[in-house]
Participant: 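Take a look at the following structure, please.
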Protein chains: 2
Amino acid sequence: MMDPTPLYHRIYLVLREQILDRKFDPDKPMPSEIELARAYSVSRVTLRKTMERLEREGLILRQRGRGTFAVPPSSQTPVQADVSGLVENLLAMGLSTQVKVLEFEYTQTPPDAASDMGVAPGTIAQRAVRLRSLKDRPFSYAETWVREDIGRTYSAEDMATTPLLRLFEMAGVKIAGAHQKVMARSADYVVADLLGVEVGSALLCIKRVVRDENGAAVERIRALYRPDVYEFELNLTLGQGPDGTLWQPSQCMP
Amino acid sequence: MMDPTPLYHRIYLVLREQILDRKFDPDKPMPSEIELARAYSVSRVTLRKTMERLEREGLILRQRGRGTFAVPPSSQTPVQADVSGLVENLLAMGLSTQVKVLEFEYTQTPPDAASDMGVAPGTIAQRAVRLRSLKDRPFSYAETWVREDIGRTYSAEDMATTPLLRLFEMAGVKIAGAHQKVMARSADYVVADLLGVEVGSALLCIKRVVRDENGAAVERIRALYRPDVYEFELNLTLGQGPDGTLWQPSQCMP
């Protein structure tokens with residue numbers, strides 16, 4: 001079967017990001033349709049569809065005889081979080097967010113979460129899905145797995161109003177620390193719909209395992225963030241590593 | 001014009017990521033083609049094409065009468081960097097990487113880099129593009145802008161063999177610190193080709209401005225990373241913020 005436009009949406013997403021990133025000088029013409037079609041190895045018809053959509057959305061302006069110009073919208077500054085990327089820290093920063101608990105259940109831990117938590121796959125745990133917004137703009141979609149005995153001490157309503165760390169504290173759990181990975185992932189249909197982005201959009205992803213003082217996993221969270229609404233920032237200073245100069249985060253407390 | 005399969009490649013990328021992430025239990029059938037087609041609002045023909053490609057690539061297995069099963073490949077563990085995400089730190093960790101300097105020139109700073117560096121757009125600066133590999137696997141594509149007077153003190157060959165921080169030091173520059181943003185971006189045709197990923201794949205993106213002791217910008221880097229080869233990790237501990245408990249990186253030095 002012929003597939004005339006397999007790349008159409010992906011090229012749209014890439015060019016849209018580049019326009020929002022101001023990668024194209026607004027005073028200079030963008031590469032021509034012929035050049036872009038060649039670069040992405042697609043037909044001019046495909047490329048034209050992409051450009052028509054960008055034009056419809058006001059992201060480019062075609063000027064007869066002059067060329068096509070990028071029109072980056074006046075930027076809406078994203079909320080800036082430190083690079084730990086933790087919504088909990090937003091709370092500590094005094095910023096209030098709105099939370100919707102979309103799912104709340106006790107169910108079998110799937111293999112990936114079980115492996116992260118060091119429990120057998122199928123172990124019953126509390127699964128919750130939360131959507132978080134700041135000034136009515138949804139910016140994070142988070143799925144949490146919490147050890148059953150701790151999860152049973154609070155309700156879905158508690159989860160919507162009280163930070164999870166506070167709920168753990170109220171349950172008598174002493175948190176020792178956490179291990180976190182920062183990744184990039186593409187939006188699937190569920191997340192794209194809830195966060196208001198296109199399927200396939202690049203999202204920041206954080207996976208974190210929180211442990212108690214005995215080293216047992218209390219919580220495993222996987223959260224996806226709209227990078228244009230919620231930005232991770234970090235100040236770095238130079239220190240000494242074993243083999244030379246080493247960057248390190250500078251907002252550590254004494 | 002009809003566009004029968006606009007979502008084909010995006011759905012392919014999303015499902016591929018989910019299989020590699022082990023989001024599907026390998027012992028349980030995946031959602032059916034009908035269910036997936038409905039979820040992504042595409043025709044069954046479109047969805048079937050996606051599944052055929054995943055099958056061709058050995059990522060799913062169809063078993064007559066039983067259903068379709070995810071076959072996550074035995075994982076190739078990514079290199080783990082701390083969350084500062086700095087290749088410089090890999091060097092300090094004693095890991096050697098291979099660098100190709102793809103471009104090296106003195107040219108006008110474009111608006112986005114100029115704004116980050118606090119110089120007028122059009123200011124001449126050194127622009128270099130480097131591709132970095134670890135054990136022959138390319139994992140980062142980085143574009144750097146360096147202040148002209150500092151850039152003139154070294155060559156493209158120096159850049160391929162010596163860490164940039166060391167070159168700055170040799171030029172007599174005292175680095176005071178850096179400010180860094182962590183983002184997610186989609187691979188364009190240049191980066192996709194060099195890093196060996198599909199156009200539109202989600203990549204980790206780091207943008208950093210390095211300043212000297214007078215607060216002047218020395219370097220602005222924008223680097224894109226393959227998240228399956230190069231992973232950012234961070235240990236966190238709980239501290240006290242102004243309004244309550246606060247997560248903070250725990251690898252800070254005293």
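Just so it is clear, the structure is predicted and the values come from calculations on it, not from any experiment.
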Participant: Heavy-atom pairs under 4.5 Å with chain B are the metric here; pick the option from A:Val190, A:Ile175, A:Leu13 that has the most.
Facilitator: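 The answer is A:Ile175.
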
Participant: Taking all non-hydrogen atoms of both residues, which atom of A:Pro227 and which atom of B:Ala184 are closest, and how far apart?
Facilitator: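 Taking every non-hydrogen atom into account, CG-O, 4.1 Å.
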
Participant: Do you know which two heavy atoms are closest between B:Phe69 and B:Met30, and how far apart they sit?
Facilitator: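 Distance-wise, the nearest heavy atoms are C-SD, 4.2 Å.
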
Participant: Against chain A, label B:Val210 side chain, backbone, both or neither, depending on which of its atoms sit under 4.5 Å from a heavy atom there.
Facilitator: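 Side chain of B:Val210 only, per the 4.5 Å heavy-atom cut-off to chain A.
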
Participant: Compare every heavy atom of A:Thr109 with every heavy atom of A:Ala125, then report the nearest pair and how far apart it is.
Facilitator: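 In this case the closest contact between A:Ala125 and A:Thr109 is CB-OG1, 3.6 Å.
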
Participant: If we ignore hydrogens and angles and just use 3.5 Å, is the side chain of B:Thr50 paired with the main-chain N or O of B:Thr46 as donor and acceptor?
Facilitator: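 Checking the backbone N and O of B:Thr46 against the side chain of B:Thr50, a donor-acceptor pair under 3.5 Å is found.
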
Participant: Sort B:Leu204 into side chain, backbone, both or neither according to what part of it lies under 4.5 angstrom from a heavy atom of chain A.
Facilitator: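 Interface part for B:Leu204: both.
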
Participant: If I measure from the heavy atoms of chain A, does B:Pro111 come under 4.5 Å with its side chain, its backbone, both, or neither?
Facilitator: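 B:Pro111 touches chain A through side-chain heavy atoms alone.
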
Participant: Show the numbers, then the answer: is there a side chain to side chain contact (heavy atoms under 4.5 Å, CB included) between B:Leu195 and B:Phe139?
Facilitator: CA-CA 6 Å; B:Leu195 292 182; B:Phe139 72 93; 5.7 Å; no

Participant: Which atoms of B:Ala187 come close to chain A, meaning under 4.5 Å heavy atom to heavy atom: side chain ones, backbone ones, both, or neither?
Facilitator: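 When you check distances to chain A, only backbone atoms of B:Ala187 fall under 4.5 Å.
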
Participant: Against chain A, label B:Asp27 side chain, backbone, both or neither, depending on which of its atoms sit under 4.5 Å from a heavy atom there.
Facilitator: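 The answer is neither part of B:Asp27.
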
Participant: Parallel, tilted or perpendicular: which fits the ring planes of B:Tyr230 and B:Tyr225, with parallel below 30° and perpendicular above 60°?
Facilitator: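 Correct class here is parallel.
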
Participant: Looking at A:Met183, A:Lys23, A:Lys28, A:Glu17, which makes the most heavy-atom pairs under 4.5 Å with chain B?
Facilitator: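 Between A:Met183, A:Lys23, A:Lys28, A:Glu17, the count favours A:Glu17.
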
Participant: Which atoms of B:Gln18 are under 4.5 Å from chain A, going by heavy atoms: the side chain, the backbone, both sets, or neither?
Facilitator: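 Just its side chain gets close to chain A.
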
Participant: Between A:Cys205, A:Ser201, A:Ala202, A:Ala113, which shows the greatest number of heavy-atom pairs under 4.5 Å with chain B?
Facilitator: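 If we count pairs closer than 4.5 Å to chain B, A:Ala202 comes out on top.
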
Participant: For residues A:Asp21 and B:Arg222, report the shortest heavy-atom separation together with the two atoms involved.
Facilitator: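 For A:Asp21 versus B:Arg222, the nearest heavy atoms are OD2-NH2, 3.3 Å.
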
Participant: Give, as side chain, backbone, both or neither, the part of B:Arg166 having an atom under 4.5 angstrom from any heavy atom of chain A.
Facilitator: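 Nothing of B:Arg166, per the 4.5 Å heavy-atom cut-off to chain A.
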
